[in-house]
Number of protein chains: 2
Amino acid sequence: MTTLSTKERILNSTERLIAEHGFAELSIRKISLKAHTNLAAINYHFGNKEQLINQVLERRLNNLFEVRMKMLHDLNQGDEKLACNLEQILHAFIAPALYMINDEHQGGKVFMKVLARAYAEQSDSLHELLAKRYTPIIKEFAEAIHLACPELPRATIFWRFHFIIGALTYAMGDFGASSMAKQMPEAEYFNKSVEELIQFAVASLTS
Amino acid sequence: MTTLSTKERILNSTERLIAEHGFAELSIRKISLKAHTNLAAINYHFGNKEQLINQVLERRLNNLFEVRMKMLHDLNQGDEKLACNLEQILHAFIAPALYMINDEHQGGKVFMKVLARAYAEQSDSLHELLAKRYTPIIKEFAEAIHLACPELPRATIFWRFHFIIGALTYAMGDFGASSMAKQMPEAEYFNKSVEELIQFAVASLTS
DNA sequence: ATGCGATTTAAACGACCGTTTGAATTGCTA
DNA sequence: TAGCAATTCAAACGGTCGTTTAAATCGCAT
């Protein structure tokens with residue numbers, strides 16, 4: 001194990017604690033204990049608890065959204081107005097979230113649970129952060145879907161894409177807790193989730 | 001306003017506080033203040049905080065699930081093996097949740113936010129309570145869907161119904177917070193949500 | 001090696017938490 | 001109306017919370 005900076009250890013520990021025990025039980029003291037650092041180090045490096053949580057989310061959201069955008073743009077190489085396969089578009093949106101989940105070493109798996117928790121919190125600062133990040137990417141993907149399915153009204157696309165995000169978020173947060181998960185190895189269940197989710201999303205947009 | 005018992009006032013206040021501020025900020029003191037009662041009255045009537053929260057959920061979950069079951073059974077009147085319209089089946093599952101939301105007087109609207117929060121919490125007791133309630137109803141609805149769509153593999157039905165529940169839950173928790181919500185009156189947005197959600201669910205099951 | 005800014009530390013602050021206690025009050029029955 | 005059980009109440013319990021303070025320590029350029 002490489003030696004991590006105090007700041008990184010705090011971010012990682014916070015992420016894990018939220019994923020494992022939720023926001024309600026999260027405390028500065030538990031974080032500092034898990035990160036093998038001092039209580040005050042957290043306020044020193046992050047100001048306060050709220051800013052720490054925001055940075056935990058931002059750190060990975062930035063990466064997740066960059067990957068999604070890159071995969072989308074790679075689909076219509078150069079030509080922005082080229083209509084592409086609906087399944088590919090949804091793959092570009094869904095798969096990065098699941099790749100991230102599989103990235104055990106970087107804690108992406110943990111993060112997706114954090115993200116699911118964050119959605120359900122009604123903390124204004126969290127909601128703002130998520131809305132600010134999601135708005136542009138939703139617009140881009142909705143536009144791509146419109147090109148792929150020109151017969152679908154734009155409003156319908158927005159509604160259904162919104163619902164797909166809900167299903168994805170819910171599935172990620174529930175990952176491993178489902179009764180289906182216990183009937184097969186975790187890796188297999190994971191891959192199956194990706195496949196089923198994409199097929200589900202495609203079907204929901206091709207009525 | 002009719003005079004409510006202390007127990008009812010505590011349940012109602014707890015429900016509202018969870019919906020408005022989440023589980024993290026919920027405290028016995030805030031509940032007793034909102035319910036115009038004493039701190040100790042809560043422990044007197046409910047034992048402890050955890051049991052109070054469980055009762056808040058059970059009170060409405062029981063009603064919600066009864067209505068769903070009744071609507072499903074009313075579809076195939078008497079004849080259990082009669083295949084019925086997929087849209088009607090999904091309506092029986094989705095609409096009661098939304099009727100409940102619209103039932104302002106009984107606080108159903110508030111409750112759906114509570115439910116959305118509860119999903120994201122990883123409290124074992126909450127998860128157990130929800131799993132115990134959901135398992136039988138999911139089986140019944142999956143069976144009805146199977147009769148309506150015999151060409152769909154049973155496993156696929158379970159996966160997609162699971163995703164639909166996710167979309168529904170997410171939509172309910174997000175109700176009113178969406179950017180779309182601000183562009184039309186609340187009642188209209190609500191009815192539109194029902195319609196779009198059912199159409200979305202139907203589409204996702206008829207690939 | 002010395003000085004200085006960056007970092008870490010122990011300790012304490014006031015505030016709020018869930019729960020318990022035992023006395024006061026209420027509502028109903030005998 | 002007397003008495004008893006159900007309910008409400010003020011007060012206190014031990015604990016945990018987020019944050020702050022000031023001293024100790026570290027890393028590194030001079």
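Just the heavy atoms: all of them, side chains too, but no hydrogens, waters or symmetry mates, feed the values below. Below, chains carry the letters A, B, ... as their sequence lines are ordered, and counting in each starts from 1. Fair warning: this is a prediction, and the values are worked out from it, not measured in the lab.
- Distance check, rounded to the nearest 0.5 Å: CZ of R60(B) to CG of L11(B) gives 9.0 Å.
- Residue N48(A) places no side-chain N or O under 4.0 Å from the OP1 or OP2 atom of dG18(D).
- The interatomic distance linking K30(B) (NZ) with dC17(D) (C1') rounds to 12 Å, in whole Å.
- Side-chain atoms of Y44(A) lie closest to dT7(C) of the nucleotides dA12(D), dA11(C), dT7(C).
- One can place CG of N43(A) at 12 Å from C1' of dT21(D), the figure rounded to the nearest angstrom.
- Here the C1' atom of nucleotide dT21(D) and the CG atom of L39(A) are 13 Å apart, to the nearest Å.
- Note on K7(A): nothing from the nucleic acid sits closer than 4.0 angstrom, heavy atoms only.
- Going from atom NZ of K49(A) over to atom C1' of dC16(C) covers 13 Å, rounded to whole Å.
- If you take CZ of F46(A) and P of dT19(D), they are 13 Å apart, rounded to a whole angstrom.
- Counting any heavy atom pair closer than 4.0 Å across all strands shown, A40(B) reaches a base atom.
- Phosphate contact (OP1/OP2 of dT7(D), side-chain N/O of T6(B), threshold under 4.0 Å): absent.
- Under 4.0 angstrom from either OP1 or OP2 of dA10(C) there lies at least one side-chain N or O belonging to N38(A).
- The phosphate of dT8(C) has neither OP1 nor OP2 within less than 4.0 Å of any side-chain N or O from T37(A).
- Within the 4.0 angstrom heavy-atom criterion, only backbone atoms of the sugar-phosphate kind lie near L26(A); the bases stay farther away.
- F200(B) has its ring centre less than 6.0 Å from the ring centre of F200(A).
- Atom pair L33(A):CG and dA10(C):C1' shows a separation of 15 Å (rounding to whole Å applied).
- At whole-Å resolution of the value, CZ in R29(B) and P in dG18(C) are 7 Å apart.
- Two rings, from F93(B) and F161(B), have their centers less than 6.0 Å apart.
- Residue contacts for I42(A): at a heavy-atom cut-off of 4.0 Å it reaches no nucleic acid atom on any strand shown.
- Under 4.0 angstrom from either OP1 or OP2 of dC16(C) there lies no side-chain N or O belonging to S27(B).
- Within the 4.0 Å cut-off from OP1 or OP2 of dT8(D), at least one side-chain nitrogen or oxygen of H45(B) is found.
- A straight line from CG of L17(A) to P of dC17(D) spans 11 Å, rounded to a whole angstrom.
- A distance-only check finds a donor-acceptor pair linking the side chain of K49(A) to the backbone of L26(A) [under 3.5 Å].
- P136(A) places none of its side-chain heavy atoms less than 4.5 Å from the side chain of F65(A).
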